[in-house]
Structure formats: structure tokens, C-alpha cells
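These notes concern the structure reproduced below.
In listed order, ligands and their atoms are each counted from 1. Computed from a predicted model, the values in this text were never measured in an experiment.
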Amino acid sequence: ASLFRQLCARVAHRRADILRTARALGELDVLATFAEVAATSGYVRPQLVAEPRIVIRGGRHPIVERALPAGHFVPNDTTLSAEEAQILILTGPNLSGKSTYLRQVALIVLLAQIGSFVPAEDALIGVTDRLFYRFGSEDYIAQGRSSFFVEMMETATILHHATPRSLILFDEIGRGTSTYDGLALARAVIEYLHNHPRARARTLFATHFHELTELEGILPRVKNLHILVAEEDGQLRFLHRVVPGRATRSYGVQVARLAGLPRPVVHRAEELLAEYEAHERRHVAESSADYSPSSLREIAERLKRLDPNALTPIEALTMLYELKRALEARGGE
Ligand SMILES: Nc1ncnc2c1ncn2[C@@H]1O[C@H](COP(=O)(O)OP(=O)(O)OP(=O)(O)O)[C@@H](O)[C@H]1O
Ligand SMILES: [Mg+2]
């Protein structure tokens, strides 16, 4: 026992040296691991810059890439910039790779900022002050919080803390409520991030609300992206390639069939889907004529009805963008 006490005393005496060595070894361990992963997995050195831009060529998800056979992961590019492509709206069928793409961008930025090489062909990363990721639906029933409530609380936190240097990833917000409530909330969030000078964060927004892709024509810094799929003899083939533009279909029913839903359920869903879509087409045909102001008189009417004092600056800016677009859409009259 006295031997042990002696040993403790000696260790205690050299405590500072031992801690310093342990810390140095820890750091060396991290750096050696960064180097090993970079060398064995084909990572590159990212270029870090001050301006709020992100330009990634051939980016990959470091973990999904490992789970797939070599060469099966499809690399994708990303361009986000405060001036042109501040908000990217990503649509694409279920299972096409939206969540993977969002996380890949987040991980590349995170790796770059902790001093690692990144899984890409090359990457320019504008230093990010905060990275927000809002996904999935968790609830805390015992604490009186439903999943939709949690989703909105987290969204509120993001909107309160985002800055023009932040990076935000929204994976399908607004899904936990009725379609129109969800769509309305999702759009209002995008308008806020676009128009509020304090919250103008670079944002990736994955969604199944295809209506949101209309914003590309209204808000100048919103750009659409979608993920390609091919349909061959009724079979879906997932290409996982992210390209400009918007998706037109979700293929949710086909994906449900792949997941093994009973055949009668899939069949019935197909029937219902056809009905819903036909109904919507009729509806759109009837109402689209007066959906947005098209004649100068209508635009003037809308301006007349407007009470500037009742508008928030964000609403006013959105309204301006819309009226300007309506005028432009009419061509040179
Ligand atoms: N770039 C890619 N290359 C190869 N495989 C990919 C790629 N991206 C995604 N995948 C594969 O597709 C699967 C589904 O991807 P993910 O979960 O991102 O789809 P999703 O579009 O978010 O679907 P949902 O709309 O249902 O949420 C992944 O588990 C992965 O196996
Ligand atoms: Mg997803």
C-alpha cells in the first residue's frame, strides 16, 4: 500500500507534464487519423475563405460512400452563395438521395472547419459561424411536446439565431401537419430567410412540396435543384444525380411498393392517386386564370388594397418581388 501511495505521489507531482503529453498525443492521434482517412479515401484539402460561399465539386457523403460497393456512390456538386444562390430548394422522389445530399454538404463543411480534408474533388468553403440541421420527427410525449411542436420549436430556434454566415439544412419541414398549413409555413420560412437581412443564411431546403419550386421565379436568390430518376417499363431507377430544375413527381406509391406494402393497398393507392391528380388538374384549369395578378388593373387594384403600415418589412419585400414578377411576366406592354 505504501508503494502505491508513493507511485500516486510521484504521478501527482508530474501531473502537469503527464496531462500535457496526453493532450499532445490526443491531438497527434486526431491529426494522424485525418491524414489516414484523407489518404485512403481520396479526400482533398478544402480552401477556406471569408466570404459566405460554398462551392463543392464532386462532393460525397463520407459514410454512405463507405456503406456502398466501391464506385457506386454518385458524387454531386454544390454551389451556395449569399448573392445568387442563397437558398436551394431540393425536390426529388422518395429514396432518391435528398437527405444524403443535405448531410453530405453539412459534413464537408464541418470536416473542413475542424481541419480535415474533405470527400470531394475540390471544395471552397466560406467559414460558417453556425450549422443548423432540422430533420425527422421526434416527439417528447411525456413532456407534452408532439412531433410537430418540436419541429416548430427547433425551426424557431434556427430563425432566431441564423446569420448571413450560417448554414441551414431543412429536411422536409412542414410535413407533420396538414398539407396547406405545412406548405404555408415552409414558404413563409423561406421568405423570411431570403428577405430578413439578419437571417440571410445559406440554406438547403429538401421538400416534397413541389409548389415551393415556384419561388425560384419570385425570389431572386432562390434556386431549384432536383434529383434524377429514370423510369423504365414501370420500374424506377435511382440515378442519385443532383441537377438544376424542379422535380415533377414523388413516386411515393412506387417506393411504397418497393418497401413491401401489401399489393391491394398499393393498388388502391394508385387508383386514389389518379383520382386526386385528375381532380387537381380540373381545379387548376378552373382557377389558374386569376391566380396571380396579370393585368395592369389587377396589379393597381392590389396596390390600392394594400396598407403599407400593416405590412412587416419582410412581407413588403415579398410583395414587391411578386408584383415585379407579375409585371415582367406580362412582357413589354
Ligand atoms: N449520391 C448517392 N449515390 C449513391 N447512392 C445514394 C446517393 N444518395 C443516396 N443514395 C442511396 O439512396 C438511399 C436513400 O437516400 P435518402 O435517404 O437520402 O433519400 P431521400 O430522397 O431523402 O428519401 P425520402 O424522401 O424518403 O426521405 C440512401 O440510403 C443511399 O443508399
Ligand atoms: Mg429524406
Within-cut-off N or O pair, Tyr101 and ligand 1, under 3.5 Å =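 Not met; the criterion fails.
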Side chain, backbone, both or neither: which part of His208 has a heavy atom under 4.0 Å from ligand 1?
->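 Looking at His208 and ligand 1, just side chain atoms fall under 4.0 Å.
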Answer side chain, backbone, both or neither: which part of Val255 comes under 4.0 Å from ligand 1, heavy atoms only.
->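 No part of Val255 comes within reach of ligand 1.
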What protein heavy atom sits nearest [atom], and how far away is it?
atom	value
atom 19 (O) of ligand 1	Gly97 N, 3.1 Å
atom 14 (C) of ligand 1	Leu95 O, 3.7 Å
atom 20 (P) of ligand 1	Lys98 N, 3.5 Å
atom 1 (N) of ligand 1	Val74 O, 2.9 Å
atom 30 (C) of ligand 1	Val64 CG1, 4.0 Å
atom 9 (C) of ligand 1	Thr100 OG1, 3.4 Å

Hey, do the aromatic rings of Tyr321 and His194 have their centres closer than 6.0 Å?
->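 Yes: the rings meet the under 6.0 Å criterion.
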Are any of the heavy atoms in Arg241 under 4.0 Å away from ligand 1?
->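 Distance cut 4.0 Å: Arg241 fails for ligand 1.
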Decide whether the shortest distance between a heavy atom of Ser96 and an atom of ligand 1 is less than 4.0 Å.
->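 True for this residue.
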Tell me which one of Ser99, Ser250, Ala259, Pro75 gets a heavy atom nearest to atom 17 (O) of ligand 1.
->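 Considering heavy atoms of Ser99, Ser250, Ala259, Pro75, the nearest to atom 17 (O) of ligand 1 sits in Ser99.
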Of His72, Glu65, His240, Arg175, which has the heavy atom at the shortest distance from atom 10 (N) of ligand 1?
->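 Going through His72, Glu65, His240, Arg175 one by one, His240 has the nearest heavy atom to atom 10 (N) of ligand 1.
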Charged N-O contact under 4.0 Å between [X] and [Y]:
X	Y	answer
Arg187	Glu191	yes
Lys304	Glu301	yes
Glu298	Arg302	no
Glu328	Arg325	no

Sub-4.0 Å atoms of ligand 1 with respect to non-hydrogen atoms of [X]:
X	result
Glu172	25 (O), 27 (O)
Leu68	4 (C), 5 (N)
Pro93	21 (O)

Only one of Phe205, Tyr133, Phe135 clears side-chain contact (heavy atoms from CB on, under 4.5 Å) with Leu169; which?
->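 Checked Phe205, Tyr133, Phe135 against Leu169; only one passes side-chain contact (heavy atoms from CB on, under 4.5 Å): Tyr133.
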Please determine which of Asn94, Val255, Val74, Ile227 meets the side-chain contact (heavy atoms from CB on, under 4.5 Å) test together with Phe238.
->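 Only one of Asn94, Val255, Val74, Ile227 forms a side-chain contact (heavy atoms from CB on, under 4.5 Å) with Phe238, namely Val255.
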Side-chain cluster (under 4.5 Å, hydrophobic types only) that Leu124 belongs to, other residues =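 Members alongside Leu124: Val49, Val55.
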Do Ser96 and His226 touch side chain to side chain, with heavy atoms closer than 4.5 Å?
->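 With C-beta onward as the side chain, the pair stays apart.
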Measure the shortest side-chain to side-chain distance between Glu216 and Ile89 over non-hydrogen atoms and say whether it is less than 4.5 angstrom.
->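 Of all side-chain heavy-atom pairs linking Ile89 with Glu216, none is under 4.5 Å.
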Give a yes or no answer on whether the side chain of Thr40 reaches the backbone of Ala38 with a donor-acceptor pair at less than 3.5 Å.
->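 A pair under 3.5 Å: no.
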Got an N, O or S from Ser99 under 2.8 Å of the Mg ion (ligand 2)?
->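 Looking at Ser99, which is the residue asked about, there is an N, O or S atom under 2.8 Å from the Mg ion (ligand 2).
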For atom 26 (O) of ligand 1, is the nearest protein heavy atom under 4.0 Å away?
->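 Yes; the ligand atom in question has protein heavy-atom contact below 4.0 Å.
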